[in-house]
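Here is the structure we will look at, set down as structure tokens.
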Amino acid sequence: MVPPIWIEHTTSPLPRKDLFVHSKLIIEKSDGLFGNIDIDGSKNAALPILVSSILCCGTLSLKNVPDLLDVHNIVNLLQELNIKVNKNEKSFQLDATNISSFTSSYELASKLRASVLVLGPLLARFGKAKVPLPGGCSLGMRPVDLHIKSLSQMGAKIFMEHGYIVGEVPSERLIGTDITFEIVSVGATQNALMAATLAKGHTKIINAAKEPEIVDLCHCLRKAGAKIVGDGTSVIEIEGVEKLHSAEHTIIPDRIEAASYAIATLATNGSIILNNITPNVFGTFKDYLEKAGAKLTFFDEKNSVEIRSTKNINSIDVKTAPYPDFPTDIQAPWMVLMCLAVGKSIIEETIFENRFTHVPELTKMGANIKVLSNHEALVHGISKFTSAQVKATDLRAGFALIIAALVADGISEISHTYHIDRGYVDVVGKLTKLGVNITKKGAI
Ligand code: EPZ
């Protein structure tokens with residue numbers, strides 16, 4: 001396997017984000033999205049699955065891994081632990097046979113929340129770990145207390161030192177136990193279940209996250225020999241084994257990317273086909289799309305779906321909540337759609353305490369949104385959007401600004417596009433394919 005040029009970048013001390021920090025997207029008003037694009041692998045499934053390679057005595061071979069900034073950074077971080085990585089297009093091979101370091105560098109790990117996921121696997125396989133405390137981000141404090149509490153319940157001794165989470169396992173091997181999460185946490189569920197695969201005895205995780213990305217992680221771990229049942233429900237049970245072996249796995253499609261382009265299609269009165277999806281890619285979000293005015297036609301034999309606008313956009317109140325309810329990662333794009341609907345709609349954000357950072361930027365473009373509290377916003381439709389220079393504040397807020405730019409009179413400019421590159425593969429190429437006049441200006 002010939003590693004492509006890309007691999008050289010991952011050995012550089014500077015994560016690729018530094019190449020993107022000053023770039024801008026220039027977007028002209030669209031007459032509607034038309035055409036077809038491929039949906040890439042799920043970022044939020046790929047990140048924990050890449051990290052799960054730490055657990056395997058052998059090679060984890062992955063397909064459909066999305067080419068994203070966050071993926072590059074997590075692979076950089078795994079290579080720091082001396083995991084051997086080979087990449088060819090969207091296929092990765094990770095060999096953790098000779099891990100020789102149990103410490104993640106501050107430079108990388110502090111930029112990527114998912115870096116905390118190495119804690120459980122390192123403690124489970126090697127009994128020691130040192131991981132920078134992931135900083136907060138624009139969404140809020142992003143604590144990791146539930147990660148630490150669950151691993152401590154399994155026998156790890158964890159303390160903070162110089163901005164690092166330091167863990168060790170005095171008894172050599174983690175011990176399975178019952179873990180009840182007071183609130184649903186995707187990351188804490190992933191950390192605990194990965195650790196439990198190699199713990200001694202039985203672990204029961206109660207109030208577990210039920211996201212499809214959790215199920216995909218468990219599918220992959222079972223292929224490597226893990227004994228897990230109940231994934232996709234709120235109770236996951238794991239019987240620890242001595243070791244995990246090599247495995248092959250294909251990452252599920254990115255349901256958030258698919259939903260983001262579906263919303264953009266409704267907003268611009270278009271009609272597109274999304275390829276490389278699965279019949280249940282949207283989960284219950286399909287109902288929201290149809291209530292808002294979308295006509296969805298699935299072609300299961302082709303793993304594709306047609307999203308067609310039916311002209312009117314209906315205003316729908318939404319409340320974000322853990323899967324299978326309305327995804328928090330779709331809240332910002334949905335808010336733009338509600339600006340284009342006739343009437344008022346309420347958007348409740350119950351997962352994060354600061355996930356309305358896109359509102360001031362949308363307001364610059366003419367949106368009529370009133371933030372009633374950290375957790376509630378009132379949208380008055382129909383807003384007349386006009387072009388402006390705006391700033392992406394996180395990856396989903398960045399895509400919301402793209403949708404606003406597609407319906408705004410004139411040519412808009414979105415800065416800080418590295419946020420968008422964290423979660424959306426080739427947004428310029430995909431939107432160009434759908435008929436949009438979009439260019440990227442700046443560092444790369
Ligand atoms: C995952 O983040 C996703 N990221 C997020 O997607 C997503 O928004 C989030 O789950 C919720 O669905 C990845 O999978 C890489 P949580 P995660 O732990 O695991 C609180 C995107 O746009 N909490 O489920 O970090 C936390 O503050 C990103 O792709 C604690 O209090 O989210 C939040 O309020 C953004 N203590 C709530 O739980 C903890 O120890 C849910 O967070 C952990 C979390």
Side-chain angles (χ1 to χ4, degrees), residues 39-52 62 64-66 68 70-71 74 112-114 116-117 120-121 139-140 142 144 146-147 150 179-197 204-222 226 228-238 249-260 262 277-289 318-334 349-352 355 394-396 422-424:
I39 291 301
D40 274 275
S42 162
K43 167 179 83 80
N44 291 349
L47 294 176
I49 288 173
L50 285 160
V51 168
S52 75
L62 302 175
N64 201 33
V65 179
L68 291 167
D70 274 9
V71 167
I74 207 86
L112 190 69
R113 173 146 179 97
V116 72
L117 294 177
L139 305 183
R142 306 300 293 273
V144 290
L146 300 178
H147 297 245
S150 56
I179 295 166
T180 300
F181 285 120
E182 303 93 80
I183 59 169
V184 173
S185 162
V186 171
T189 299
Q190 289 166 342
N191 234 331
L193 79 84
M194 284 195 281
T197 59
K204 190 175 189 179
I205 301 175
I206 298 148
N207 201 24
K210 300 186 270 192
E211 274 68 4
E213 293 77 26
I214 300 272
V215 175
D216 203 34
L217 171 62
C218 292
H219 278 174
C220 179
L221 289 168
R222 272 192 287 268
I228 306 171
V229 295
D231 39 302
T233 76
S234 55
V235 179
I236 300 178
E237 303 203 52
I238 305 106
H249 185 71
T250 299
I251 305 287
I252 55 171
D254 194 315
R255 61 191 171 99
I256 306 300
E257 183 191 26
S260 301
I277 53 115
T278 49
N280 188 32
V281 65
F282 293 122
T284 55
F285 181 64
K286 173 176 174 290
D287 304 336
Y288 288 96
L289 279 172
V318 298
K319 178 177 180 180
T320 67
Y323 194 87
D325 292 331
F326 192 96
T328 176
D329 295 343
I330 287 297
Q331 180 256 107
W334 184 265
E349 171 54 63
T350 70
I351 304 289
F352 292 109
R355 199 164 201 176
D394 79 62
L395 63 165
R396 309 306 174 186
R422 285 190 52 208
Y424 292 92

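Not measured: the values here are computed from a predicted model. Note: hydrogens, waters and symmetry copies are ignored here, and every other heavy atom, side chains too, is used.
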Exercise for the section: Could you walk me through whether Glu213 and Arg255 pass the salt bridge (Lys or Arg N to Asp or Glu O under 4.0 Å) test, one step at a time? Expected result: CA-CA 10 Å; Glu213 293 77 26; Arg255 61 191 171 99; 2.8 Å; yes
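- Looking at Ser150 and Asn191, their side chains never come closer than 4.5 Å, going by heavy atoms from C-beta outward.
- For the pair Ser234/Ile205, no side-chain contact is recorded, criterion being any heavy-atom separation below 4.5 Å from C-beta on.
- Judged by distance alone, with hydrogens and angles left aside, the side-chain atoms of Asn64 form no donor-acceptor pair with the main-chain N or O of Thr250 at under 3.5 Å.
- Rounded to the nearest 0.5 Å, atoms OG1 (Thr197) and CD1 (Ile228) are 6.5 Å apart.
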Practice task
Apply side chain to side chain contact (heavy atoms under 4.5 Å, CB included) to the pair Lys319 and Thr350, showing each step before the final yes or no.
Solution key: CA-CA 7 Å; Lys319 178 177 180 180; Thr350 70; 3.7 Å; yes
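- In this structure, CG on Leu68 lies 9.5 Å from OG on Ser42, to the nearest 0.5 angstrom.
- Across all their heavy atoms, Cys220 and Leu62 have their closest contact at SG-CD2, 4.4 Å.
- If you take CZ on Phe326 and CD1 on Ile351, they are separated by 11.5 Å, rounding to the nearest 0.5 Å.
- Checked by atom type and distance alone, the side chain of Asp254 pairs as donor or acceptor with a backbone atom of Lys43 at under 3.5 Å.
- Rounding to the nearest 0.5 Å gives a distance of 10.0 Å between CG of Asn44 and CD1 of Ile214.
- No donor-acceptor pair under 3.5 Å is formed between the side chain of Asp231 and the backbone N or O of Cys218.
- Between the side chain of Thr189 and the main chain of Ala209, a donor-acceptor pair closer than 3.5 Å is present.
- Considering every non-hydrogen atom in both Leu47 and Ala114, the closest pair reads CD1-CB, 4.0 Å.
- Here the side chains of Asp394 and Arg422 are not in contact, with every heavy-atom distance at 4.5 Å or above.
- Atoms CD1 and CD1, from Ile74 and Ile49 in turn, are 12.5 Å apart once rounded to the nearest 0.5 Å.
- For Glu257 (side chain) and Asp40 (main-chain N/O), a donor-acceptor pair under 3.5 Å exists by modelled atom type.
- Pairing each heavy atom of Phe285 with each of Pro327, the nearest pair is CD1-CD, 4.3 Å.
- Taking each heavy atom of Ala258 and Val281 in turn, the nearest pair found is CB-CG2, 4.3 Å.
- Between Met194 and Leu117 the shortest heavy-atom distance is CE-O, 3.8 Å.
- Of all the heavy atoms in Ile251 and Ala45, the pair that sits closest is CG2-CB, 4.0 Å.
- Separating the CD1 atom in Ile238 from the CD1 atom in Ile179 is a distance of 7.5 Å, to the nearest 0.5 Å.
- Of the possible donor and acceptor atoms, one in the side chain of Asn207 sits under 3.5 Å from a partner among the backbone N and O of Phe181.
- At distances below 3.5 Å, not a single donor-acceptor pair connects side-chain atoms of Arg396 with backbone N or O atoms of Pro333.
- When each of Arg355, Glu349, Gln331 is paired with Thr320, the side-chain hydrogen bond (donor to acceptor under 3.5 Å, both in side chains) condition holds for Glu349 and for no other.
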